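Quick notes on the structure that follows.
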Amino acid sequence: MSDEIHRLRAALRDLVALVTIPAGWVGTEPPRIAAGLADLLIGALGLDFAFVRLRDPNDGASVDVTRGNGWKAVPEWLERELPALGSQKQIVEDLGDDMHGCRGLIIPIGVDADGGLVAAACDRTDFPTEIDQMLLSVAANQAATAFQSARLVHERRRGEEKLRQARDELEMKVTERTRELRRTGAELQTILDASLVGMVLIRQDHTVQRCNPAFERLVGWTADEIIGRRIPLLDDIEERWTPFASRVDGGRGFSGLEIRITRKDGSEFDAALACAPLADEQGRPAGLVANIEDISDRKRAEEQLRKAQAELAHVMRVTSLGELAASIAHEINQPLAAIEANAAASLNWLGASSPDLDLVRDALADIVSDGHRAGRVIQRIRQIATKSEPLKSQLDLNDVIDDVLALVRSEVQKHRVSVRVALAAALPPALGDRVQIQQVVINLVMNGVEAMTAVNDRPRELVIRSEAHDKDQVLVSVQDAGVGIDPRHADQLFDAFFTTKPAGMGMGLSISRSIIEGHGGRLWATPNPTSGATFQFTLPVMG
Amino acid sequence: MAVTSPRPRVLLVDDDARILSAFERLVSPWCDVVGRVTDVGALFDEATRLQPDVIVVDFFMPARDGLETCRQLKVVIPQARIVVVSGTDDASTRNKALRAGASAFVSKMQAADHLVPAIQEATAT
């Protein structure tokens, strides 16, 4: 009885040791837990051999520890018997080798030993008693629990480590990105500060978000005065932008628009405007950035050039009038001669004893008509000679051609040139300056006439045509039967100061082309299949 | 007004029909205008057909050299007198016309006063 009590006391002591000691294993590495358990089995429970295998059921990672010299063949035994072991503990009767006659005990941990196992051996004849089995089971389970805890702690630490690494990486990236943004921001600021183009960022509510020094200089406001506020010029920009923004697709901007901008002091200047939309983080419209360039100097230069061109065109018109003086004189003399003859005839008839009044009436009617005819010629000359600003209006090109022919008729006849006109009956009206287009037609007709001066082997015929061209243009062509275009000079025909005429200035075709192009049309020349050349120009239809 | 006899038969040639009308009214008290030609291409046929005493012709007609016209008229109808009228009143044109066989040269601007006497002088010689 006292032995029994003694054994129970010893078993209780061992059990307490087993239950309390594993608390020290918590947080330690799996190999140390396995070694601790094996040492406990040998030392505290007085066994002769212990084999501990702890295994993580999740990933299969395992740790093996052996204590004592007996049952060396346990790994081979396990290799052989483990698949059939199941979840039941097993007593091995004969261990062979050094422990011949001893019995061993295998205790699986978890289902099918997926948490490992404990193998123990002892030379006591009663091994394994129920108490041995109980103690070993408790020990094994305690170890398995500690192992799992250790794995969890390990996993958690690994997770924490990964998290820390990720956080460090993120912090590094953020630092790097921030540095990059600062650098980009500084570069952008330098660009904005150094730019000669005025830049202003305008919010959706039409207030200024930011602007650069060039903008301040252009408009006369400082950034401090206008940031967060509306200024009148924004209305100018918005006015241009709004209708455009409704049409643009994909957030593209526009450039090259010319507007007048009002400064702080109320003065105005010509500016080229380029705008691009701004978007917020979600891609919604957040305003626009406007680039403004002062183009006053360019506009002034353009205006001066335009005036110089107009001046030159006027000089050329007057020059061509001078060249046509004889022809024009003829066109006026003709009706005047008729007037004088009719007047003299009328006087004669009225002096007769029985005047033929019908005849006198006819003569007087012709006098009135010829007076008008001479007046119209003078009016045409005045139009051409008058120095006036170009004025584009609805233009019947057939009328223009008729007017020109009335002035050059005599000159054409003097050169023994016959003119054939083929004018389209329902020619759509063009948009142009009458005087300038007349000048072009005069140039082309006189060029054609002069090109035929040396022609004696074929009729000197000039064909003037008008017709609708494409769907929105009218075309006038002047075809001569002259010397044609020398291929060597084809590229220079329209160059200023290029001429093949002994007394020519080389400005006629050059000015004609700039006039036509200034009207949005085109002037070109082509050699005819047989002889001579055809000069033709197009003008946009009014509409 | 004194109407001399016989009345010369006159062919008027000018590309401007209004000038022809005015000249016809001017000369008709003294002359018989037998024809008016505006198209110089038809001139020689008309002259041959009408056999006028006097041809009053514009020196500057379209596509036709006045000098050549006068010479040809002298060939086609040698007996007719030619009175050249011209809008250009310069010595060179006048001399050219007279050398080409014209009996008289009249500036159009002076036709009101000089055309009838020129026709009369031409037919008197």
Side-chain angles (χ1 to χ4, degrees), chain A residues 325-353 355-356 358-374 405 409-420 449 452 455-456 458-462, chain B residues 1-4 10 12-31 33 36 38-41 56-69 83-90 92-93 96 106-119:
Chain A
S327 176
I328 291 165
H330 179 84
E331 293 308 319
I332 296 171
N333 286 343
Q334 199 79 349
L336 288 182
I339 287 170
E340 283 193 38
N342 275 317
S346 299
L347 286 174
N348 284 337
W349 285 98
L350 287 172
S353 51
D356 183 342
D358 284 342
L359 197 141
V360 172
R361 196 174 290 113
D362 288 348
L364 289 175
D366 275 5
I367 286 173
V368 172
S369 169
D370 278 324
H372 288 155
R373 184 173 150 201
L405 288 178
R409 186 180 294 117
S410 172
E411 188 69 15
V412 169
Q413 287 177 4
K414 199 174 88 186
H415 285 81
R416 284 183 288 128
V417 169
S418 64
V419 175
R420 185 156 62 87
V449 168
M452 293 188 280
V455 170
N456 289 311
R458 56 182 177 267
R460 298 178 184 179
E461 188 183 51
L462 197 74
Chain B
M1 91 185 56
V3 179
T4 55
V10 177
L12 297 175
V13 186
D14 197 306
D15 61 303
D16 187 341
R18 302 169 68 89
I19 285 280
L20 290 184
S21 296
F23 283 0
E24 183 173 356
R25 289 186 192 112
L26 184 66
V27 303
S28 57
W30 297 277
C31 312
V33 176
R36 289 166 44 162
T38 52
D39 176 12
V40 76
V56 176
V57 59
D58 183 7
F59 201 65
F60 294 106
M61 296 278 280
R64 180 70 68 162
D65 179 25
L67 201 64
E68 194 57 36
T69 306
V83 174
V84 166
V85 290
S86 169
T88 313
D89 182 15
D90 59 80
S92 162
T93 311
K96 271 187 200 169
V106 178
S107 160
K108 275 188 188 171
M109 295 308 294
Q110 296 172 327
D113 295 330
H114 295 167
L115 184 56
V116 173
I119 292 170

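If you're wondering where the values come from, they're calculated on a predicted model, not measured in any experiment. Lettering of chains follows the sequences in order, A, B, ..., and the numbering in each one begins at 1.
For the side-chain contact (heavy atoms from CB on, under 4.5 Å) criterion with B:Arg25, the lone passing option out of A:Asn348, A:Asp356, A:Asn342 is A:Asn342.
Of the listed residues (B:Met109, B:Gln110, B:Lys108), the greatest number of heavy-atom pairs within a distance under 4.5 Å of chain A belongs to B:Met109. Comparing A:Asp370, A:Leu336, A:Ile339 by how many heavy-atom pairs each has under 4.5 Å with chain B, the most go to A:Asp370.
Contact detail for A:Ala344 and B:Leu26: the closest heavy-atom pair is CB-CD1, 3.5 Å. When all heavy atoms are compared, the tightest approach of A:Asn333 to B:Gly87 is ND2-O, 4.0 Å. Here the shortest heavy-atom pairing between A:Ala338 and B:Ala22 reads O-CB, 3.6 Å.
Between the CD atom in A:Gln334 and the CG atom in B:Asp15 there is a gap of 6.5 Å [rounded to 0.5 Å].
Contacts between A:Ser369 and chain B at a heavy-atom distance below 4.5 Å involve backbone atoms as well as side-chain atoms. Using a 4.5 Å cut-off between heavy atoms, B:Asp113 makes no contact with chain A at all.
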Checklist line | Stepwise side chain to side chain contact (heavy atoms under 4.5 Å, CB included) test for B:Glu24 and A:Leu359 | finding: CA-CA 11 Å; B:Glu24 183 173 356; A:Leu359 197 141; over 6 Å; no

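Classification of A:Arg373 and B:Asp16 as a salt-bridged pair holds, one side-chain N sitting under 4.0 Å from a carboxylate O.
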